[in-house]
2 protein chains.
Amino acid sequence: MASITIENYLKQILLLSDELANERVPMGKLAERMQVVPGTATTMVKAMDRSGWLNYIPREGVSLTEEGNQLALKVLRKHRVVEMFLVEALKLDWSEIHQEAEALEHAISDKVLDRMDEYLGRPAYDPHGDPIPTRLGEIKARKLQALSECQKGQTVRIAQIKQQDARFLQFLDRTGLTPGSTIRVLDHDATADLHQLETVPDGRKMHLGGKAAESIWVSPKG
Amino acid sequence: MASITIENYLKQILLLSDELANERVPMGKLAERMQVVPGTATTMVKAMDRSGWLNYIPREGVSLTEEGNQLALKVLRKHRVVEMFLVEALKLDWSEIHQEAEALEHAISDKVLDRMDEYLGRPAYDPHGDPIPTRLGEIKARKLQALSECQKGQTVRIAQIKQQDARFLQFLDRTGLTPGSTIRVLDHDATADLHQLETVPDGRKMHLGGKAAESIWVSPKG
DNA sequence: AACATTATTTTGAATAGTCAAAGTTAATCG
DNA sequence: CGATTAACTTTGACTATTCAAAATAATGTT
Ligand SMILES: [Mn+2]
Ligand SMILES: [Mn+2]
Ligand SMILES: [Mn+2]
Ligand SMILES: [Mn+2]
C-alpha cells in the first residue's frame with residue numbers, strides 16, 4: 001500500500017511535529033528533513049493528501065490523518081525495535097545501526113517485528129534512548145533536560161542521545177556517555193562554550209562543547 | 001547502485017540459468033518468472049545491459065556479466081541466510097519465510113549478513129535445503145534426484161524442496177517430510193500418478209501425487 | 001513457398017519520485 | 001503603503017518501472 005518513500009515521509013512528519021511541538025509541519029522543514037528540494041516535498045505531499053495519509057494546507061503545511069499517524073508510529077516502532085535487535089542480537093555497533101534500521105524498517109513484516117520485540121523482552125527504549133512506540137501506538141513522554149541546561153552539582157542519568165552522527169556516537173561509547181550511565185555536572189562555562197562533568201561512580205572528569213552537551217538529554221537522579 | 005528491481009531480475013536470471021542448465025536465459029522465461037509482461041522484461045533488460053549487469057542479445061536472451069553474477073550470488077546468499085535466521089533465531093514458520101526473505105534480501109547490509117551467518121554457524125543449506133552461496137560466491141553442486149525418479153525399495157534422505165508454496169510446505173512439515181529426514185520408496189504407480197513411501201525409522205506409510213513427488217529431491221542413503 | 005503459430009520487440013502511455021528554474025504569496029521593513 | 005525578501009508552489013523535464021496493443025521475427029506446417 002504505502003511505498004518506502006511514503007513511509008519515510010510519514011515518519012519524518014511525525015518526528016518533526018513532535019520536535020516542533022506542533023501538529024502542523026511546514027513544508028520547508030519537511031523538505032529539509034527529507035533532503036529534497038521544496039518542490040519535491042510539495043508534489044509528494046499533495047499525492048499523500050489524495051491518498052488520505054495527511055492533510056495538506058498550501059502555505060501552512062501538513063498534519064497526519066489518523067491512518068497516517070498509525071502508520072508513522074508503526075514505522076518508528078519498527079525502526080527502534082530493529083535498532084535494538086541489531087545491537088542485542090547481532091552485536092552491531094551502536095553507531096552504525098541507525099543506517100541499517102533506515103532500510104530494515106520498511107522490509108520487516110509485523111510478524112517479524114513482534115518476534116524481535118519478544119526476543120528483546122519488549123523494550124521501552126532503543127539504544128539511543130528513544131522511546132519505542134508500543135503495539136498500541138503509544139509513546140511515553142518523559143520530562144528530560146539537555147545536559148547543557150543542568151544545574152551545577154546535579155547528578156543525572158543519561159536518557160537519550162539526540163543525534164545520529166556515527167562519529168559522535170562512537171565518541172560517547174568510548175567515553176562511557178551512553179544511555180543509562182550516570183554523571184555529575186561540575187560546571188558550565190558560557191564564554192568558552194564548555195561544560196565540565198564527571199562520570200559516576202568512577203569519577204573520570206571531562207569537558208564537552210556546547211553542541212555536544214545539547215545533544216545529550218538526561219533525567220534527574222535521586 | 002542496483003535497485004531492488006534490478007537485484008530481483010539478477011537473482012532470477014541466476015536461478016533460471018541454473019534450472020535451464022544454460023547460461024543464456026530466454027526473455028519469455030524471464031518475464032514469466034518476474035511476473036511481468038514480456039515487453040517489460042525487454043525494456044528492463046536493455047537498461048541492465050547498458051549498466052553492465054548482463055549481456056542481452058535480441059531474440060536470444062540474457063547472460064550475466066561477472067558483476068551481474070557476483071551481485072546475483074550475493075542477493076541469493078542474503079536470501080538464504082535470512083531464511084535460516086528467521087527460522088533459527090526468530091522461530092518463524094518454515095512456510096512463511098520465503099516471502100519475508102524476498103524483501104529482507106535487499107535491506108540488509110553485508111555486515112548484517114555476515115553477523116547472521118556467524119550467529120548461525122555459517123550454514124551450507126537453507127531451511128528448504130537450497131545451498132547457500134559462500135562468501136566467495138561458490139555454490140556446491142549436489143547430485144540429487146527427484147523422489148519420483150527413485151527406484152523401488154531405495155532408502156533416501158530428503159535434501160531439497162523445490163517449491164515455495166506455503167500450503168505445500170506446511171503439509172511437509174506436518175508429515176515430517178523436511179530436509180534431513182529419511183524415507184524409503186515403496187512403489188510408483190504411473191497410472192494413478194501415485195508414489196508410495198514410508199518414513200524411516202517410524203515406518204509411517206503414505207502416498208504422494210506426481211507433482212508433489214517431483215518437488216521433493218533426495219540423495220541416496222547408505 | 002505460403003501460411004499459421006509462437007516468441008519477442010517496439011511503441012505509446014501511465015505512475016512514482018525527483019530536480020531546476022520560474023512564478024506566487026505573504027510577511028516584513030522602510 | 002509599496003518594495004524587498006523568504007517561503008512556498010508551479011511548470012517542465014527526466015529516470016525507473018510497468019502495461020496494452022501493435023509490429024516483427026523466427027519456427028513449424030502444409
Ligand atoms: Mn527508512
Ligand atoms: Mn534510535
Ligand atoms: Mn526480492
Ligand atoms: Mn529457500
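Computation of the quantities below employed the complete heavy-atom set of this structure, encompassing side-chain atoms and omitting hydrogens, waters and symmetry-equivalent molecules. The chains referred to below are lettered A, B, ... by the order of the sequence lines, with proteins before strands, and numbering in each begins at 1.
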Q: Mind checking salt bridge (Lys or Arg N to Asp or Glu O under 4.0 Å) for A:Glu105 and listing every partner two or more places apart, or none if nothing turns up?
A: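 A:Glu105 satisfies salt bridge (Lys or Arg N to Asp or Glu O under 4.0 Å) with A:Lys11 once adjacent residues are dropped.
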Q: Below 4.0 angstrom, which residues in residues 20-32 of chain A have at least one non-hydrogen atom near DNA chain D?
A: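 A:Pro26, A:Met27, A:Gly28 - these, ordered by number, are the residues of the stretch whose heavy atoms sit under 4.0 Å from the strand.
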Q: Tell me what B:Ser3 touches on the nucleic acid: a base, only sugar-phosphate, or nothing, going by heavy atoms under 4.0 Å.
A: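 The residue B:Ser3 makes sugar-phosphate contact but no base contact.
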Q: Does B:Glu214 have any salt bridge (Lys or Arg N to Asp or Glu O under 4.0 Å) partners at least two apart in sequence or in another chain, and if so, which?
A: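 For B:Glu214, no residue satisfies salt bridge (Lys or Arg N to Asp or Glu O under 4.0 Å) once neighbours in sequence are set aside.
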Q: Identify whether any heavy atom of A:Thr5 sits under 4.0 Å from a base atom; if not, whether one sits that close to sugar-phosphate; answer base, sugar-phosphate or nothing.
A: sugar-phosphate
Q: Just call it for A:Val36: base, sugar-phosphate, or nothing, with non-hydrogen atoms closer than 4.0 Å on any strand.
A: sugar-phosphate
Q: Okay, side chain of A:Lys140, backbone of A:Pro131: is any donor-acceptor separation there less than 3.5 Å?
A: no
Q: Check this one for me: any side-chain N or O of B:Thr42 less than 4.0 Å away from OP1 or OP2 of C:dT9?
A: yes
Q: Could you give the CD1-to-P distance, from B:Ile4 to C:dG17, as a whole number of Å?
A: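 Spelled out: CD1 on B:Ile4 to P on C:dG17 is 13 Å.
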Q: Sequence neighbours excluded, which residues qualify as salt bridge (Lys or Arg N to Asp or Glu O under 4.0 Å) partners of A:Lys29?
A: none
Q: Kindly write out the residues that satisfy side-chain hydrogen bond (donor to acceptor under 3.5 Å, both in side chains) with A:Arg59, not counting sequence neighbours, or none if the list is empty.
A: none
Q: Could you list by number each residue of residues 46-68 of chain A showing a heavy-atom separation from DNA chain D of less than 4.0 Å, or answer none if no residue does?
A: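 A:Lys46, A:Tyr56, A:Pro58, A:Arg59 - these, ordered by number, are the residues of the stretch whose heavy atoms sit under 4.0 Å from the strand.
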Q: Once you round it to whole Å, what is the distance between C1' of C:dA16 and CE of A:Met1?
A: 13 Å
Q: Enumerate the side-chain hydrogen bond (donor to acceptor under 3.5 Å, both in side chains) contacts for residues 114-130 of chain A, please, sequence neighbours excluded, ordered by first and then second residue.
A: A:Arg77-A:Asp117, A:Glu83-A:His128, A:Asp114-A:Arg122, A:Asp117-A:Arg122, A:His128-A:Gln164, A:Asp130-A:Gln160
Q: Taking ring-ring contact (aromatic ring centres under 6.0 Å, His included) as the definition, give me every residue that meets it alongside A:His106, ordered by chain and number, with sequence neighbours left out.
A: none
Q: Does any N or O in the side chain of A:Thr65 come within less than 3.5 Å of the main-chain N or O of A:Gly52, such that one atom is a donor and the other an acceptor?
A: yes
Q: Give the first and the last nucleotide of DNA chain D, reading 5' to 3', that has any atom under 4.0 Å from a heavy atom of chain B.
A: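 Contacts span D:dT17 to D:dA26, reading 5' to 3'.
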Q: Heavy atoms, side chains only, cut-off 4.5 Å: are B:Leu14 and B:Asp18 in contact?
A: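 No, side chains not in contact.
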Q: Can you name the salt bridge (Lys or Arg N to Asp or Glu O under 4.0 Å) partners of A:Glu19, sequence neighbours left out?
A: A:Arg33
Q: To the nearest 0.5 angstrom, please state how far the CZ atom of B:Arg24 sits from the OG atom of B:Ser17.
A: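 B:Arg24 atom CZ to B:Ser17 atom OG measures 11.0 Å (nearest 0.5 Å).
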Q: Judged by atom type as modelled, is there a donor-acceptor pair below 3.5 Å linking the side chain of A:Glu149 to the main-chain atoms of A:Ala146?
A: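 It does not hold such a pair.
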Q: Mind listing the residues from residues 6-17 of chain B sitting with a heavy atom below 4.0 Å of DNA chain D? Number order is fine.
A: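 Output list: B:Tyr9.
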Q: For A:Trp217, enumerate each residue passing the ring-ring contact (aromatic ring centres under 6.0 Å, His included) test, keeping only those at least two apart in sequence or located in another chain.
A: none
